Amino acid sequence: MAIERASVHALTHTGAMRAHNEDTLAVGDWVSVNDLERPKTLHPDLGGPVTAIVADGMGGHASGDVASEGATRYLAKRMGQITRPVQAAQLIQEANRHLYEMMETGEGAPGMGTTVVALVLRPDGAIVVNVGDSRAFRWRAGDLVQLSTDDTPGPKLADGRTAAHTSPMLTQSLGGQSGYLEVEAHAEADVPQRGDRYLLASDGLTDLVGPETIAQRLGELDGAAAVETLFRDAMAASGKDNISIVLVEVAA
């Protein structure tokens with residue numbers, strides 16, 4: 001049965017310790033690079049695709065904020081055309097090349113980099129794609145499943161996607177090198193059901209708030225309240241990094 005309606009709730013914030021926010025998020029053609037004190041709620045038309053993106057500029061590299069915004073704006077203009085996972089992976093590769101072109105033309109610092117996780121939701125299906133350690137989850141009737149794959153060193157959990165231990169290191173990112181390097185994006189299709197919730201987040205949330213708490217908040221709270229409470233959970237756990245969260249809700 002085709003999905004007819006969706007709601008999206010989005011928040012990005014510097015957190016408690018960083019000097020500025022290097023995350024960027026987008027929902028459709030709306031892009032946010034500035035702190036939001038409360039979640040922004042959007043009701044996109046599912047006559048076409050709903051797209052959502054979270055990019056986490058790499059704090060150890062110069063111009064992480066430029067990298068995350070550059071990649072997000074590039075993707076936001078094109079994500080709605082995606083209908084298959086292979087196309088999503090190719091588009092991520094194009095965004096990666098775009099960052100290196102920005103470096104070459106002086107629009108960003110050499111070696112700037114970012115993670116990215118994105119969702120395309122259509123009336124009859126969804127596609128999730130990522131590079132790096134920003135994550136995508138699907139919550140369904142109390143069960144939380146990670147759909148993205150962590151590009152971090154070390155072992156994964158039994159699902160083969162989730163890092164067994166958090167790490168500041170990445171095995172790949174968009175940009176992040178002195179010279180052009182291709183990436184292998186993780187992209188796959190999902191079949192949404194009525195009442196599903198898709199959560200995209202930077203590691204400023206997921207390094208501090210575990211999946212059990214995320215599942216609990218999504219099970220107990222309405223959309224904007226769930227996003228705001230998860231943000232407060234991360235802040236209470238130190239808020240040591242920038243925090244970005246996008247929650248896409250499929251109407252029940």
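The figures here come from the full heavy-atom set of this structure, side chains too, leaving out hydrogens, waters and symmetry mates. Everything numeric in this text was worked out from a predicted model, so none of it was measured.
Residue Ala189 comes nearest to Pro85 through the heavy atom pair N-CG, 3.6 Å, listed as atom of the first residue, atom of the second, then distance. Contact between Ala88 and Ala187 at its shortest, heavy atoms only, is CB-CB, 4.3 Å. Smallest separation of non-hydrogen atoms from Glu107 and Val66: O-CG1, 3.5 Å. Between Ala226 and Arg197, the shortest heavy-atom distance links the atoms CB-NH1, 4.5 Å. The shortest heavy-atom contact between Ser134 and Thr115 is OG-OG1, 2.7 Å. Nearest heavy-atom pair across Ala89 and Ala185 is CA-CB, 4.0 Å.
Inter-residue side-chain proximity for Ser238 and Met17 is flagged as met; some heavy-atom pair is nearer than 4.5 Å. Looking only at side-chain heavy atoms (C-beta outward), Gln172 and Glu182 stay at 4.5 Å or farther from each other. Contact of the Val8 side chain with the Thr41 side chain is not registered, since no non-hydrogen atoms from C-beta on lie closer than 4.5 Å. The shortest distance between side-chain heavy atoms of Leu205 and Leu230 falls below 4.5 Å. Annotation: side chain of Pro39 is not in contact with side chain of Phe231 (no heavy-atom distance under 4.5 Å). Counting heavy atoms from C-beta outward, Leu200 and Leu119 have side chains that approach closer than 4.5 Å. In this structure the side chain of Arg140 never reaches within 4.5 angstrom of the side chain of Val145, judged on heavy atoms. Considering only heavy atoms from C-beta on, Val246 stays 4.5 Å or farther from Tyr198 through its side chain.
Rounding to the nearest 0.5 Å gives a distance of 9.5 Å between OG of Ser32 and CD of Glu69. In this structure, the separation between CG on Asp35 and CD1 on Ile243 is 9.5 Å, given to the nearest 0.5 Å. In this structure, Arg161 CZ and Thr149 OG1 are separated by 5.0 Å, a value rounded to the nearest 0.5 Å. The CG atom of Asp56 lies 11.5 Å from the CG atom of Leu174; values are rounded to the nearest 0.5 Å. The distance from the CD atom of Glu104 to the CG atom of Leu99 is 11.5 Å, given to the nearest 0.5 Å. Interatomic distance, CD of Glu22 versus OG1 of Thr114, reported as 9.0 Å (0.5 Å rounding).
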Between Leu25 and Ile53, does the side chain to side chain contact (heavy atoms under 4.5 Å, CB included) criterion hold? Intermediate values first, please. CA-CA 5 Å; Leu25 57 78; Ile53 303 164; over 6 Å; no
Side chain to side chain contact (heavy atoms under 4.5 Å, CB included) for Ile82 and Leu91? Distances and angles first, verdict last. CA-CA 8 Å; Ile82 297 302; Leu91 181 57; 4.1 Å; yes
Is there a side chain to side chain contact (heavy atoms under 4.5 Å, CB included) between Ser173 and Met58 once you walk through the steps? CA-CA 9 Å; Ser173 64; Met58 294 162 60; 3.4 Å; yes
Should Leu144 and Ile214 be marked as a side chain to side chain contact (heavy atoms under 4.5 Å, CB included) after you check the CA-CA gap, both sets of side-chain angles, and the distance that decides it? CA-CA 8 Å; Leu144 187 74; Ile214 293 174; 3.8 Å; yes
Could you walk me through whether Thr24 and Ser68 satisfy the side-chain hydrogen bond (donor to acceptor under 3.5 Å, both in side chains) test, starting with their C-alpha distance in whole Å, then the side-chain angles of each, then the deciding distance to 0.1 Å, before giving a yes or no? CA-CA 6 Å; Thr24 305; Ser68 69; 2.8 Å; yes
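Of the possible polar contacts, one joining the Thr105 side chain to the Glu101 backbone as a donor-acceptor pair under 3.5 Å is found. When atom types are taken as modelled, the side chain of Arg97 and the backbone of Gln93 share no donor-acceptor pair closer than 3.5 angstrom. For Asp196 (side chain) and Gln193 (main-chain N/O), a donor-acceptor pair under 3.5 Å exists by modelled atom type. For the pair Asp203 (side chain) and Asp133 (backbone), a donor-acceptor distance under 3.5 Å is absent. Panel note: side chain Asp151, backbone Gly132; a donor-acceptor pair is recorded below 3.5 Å.
Thr162 and Gln146 form a side-chain donor-acceptor contact under 3.5 Å, judged by distance and modelled atom types alone. Residues Gln87 and Thr83 have side chains that bring a donor and an acceptor to within less than 3.5 angstrom of each other. Under 3.5 Å, the side chains of His13 and Asp23 contain no donor-acceptor pair of N or O atoms. With 3.5 Å as the limit, one finds a donor-acceptor pair spanning the side chains of Ser244 and Thr12.
Placement of Val248 and Leu36 within a single hydrophobic cluster is found when ILVMFWY residues are connected by side-chain heavy-atom separations under 4.5 Å, directly or transitively. Taking hydrophobic clusters as Ile, Leu, Val, Met, Phe, Trp and Tyr residues chained together by side-chain heavy-atom distances below 4.5 Å, Leu11 does not share a cluster with Val33. Val86 and Val128 fall into different hydrophobic clusters, where Ile, Leu, Val, Met, Phe, Trp and Tyr residues are linked whenever their side-chain heavy atoms come under 4.5 Å apart, directly or through other members. Under the 4.5 Å side-chain contact rule for hydrophobic residues, Leu181 and Met102 share a cluster. When the side chains of ILVMFWY residues are joined at heavy-atom separations under 4.5 Å, either directly or via intervening members, Tyr74 and Ile127 end up in a single hydrophobic cluster.
Geometrically, Arg135 does not engage Phe137 in a cation-pi contact, judged by NZ or CZ lying under 6.0 Å from the ring centre and within 45° of the ring axis.
The residues Arg217 and Asp233 are annotated as salt-bridged, a charged nitrogen and a carboxylate oxygen being separated by less than 4.0 angstrom. Using a cut-off of 4.0 Å between Lys/Arg side-chain N and Asp/Glu carboxylate O, Glu188 and Arg84 are scored as not salt-bridged.
Taking a 6.0 Å sphere around CZ of Arg38, one finds it holds 12 or fewer heavy atoms contributed by other residues, nucleotides or ligands. Heavy atoms from other residues, nucleotides or ligands lying under 6.0 Å from NZ of Lys156 number more than 12. For CG of Asp222, the number of neighbouring non-hydrogen atoms (other residues, nucleotides, ligands) closer than 6.0 Å is 12 at most. In the displayed structure, Met169 atom CE is contacted under 6.0 Å by at most 12 heavy atoms of other residues, nucleotides or ligands.
Ring-plane geometry between Tyr180 and Tyr100 is classed as perpendicular, the angle between the planes exceeding 60 degrees on a 0 to 90 degree scale with a lower cut at 30.
The side-chain hydrogen bond (donor to acceptor under 3.5 Å, both in side chains) with His9 is formed by just one residue from the set Lys40, Glu249, Glu228; it is Glu249.
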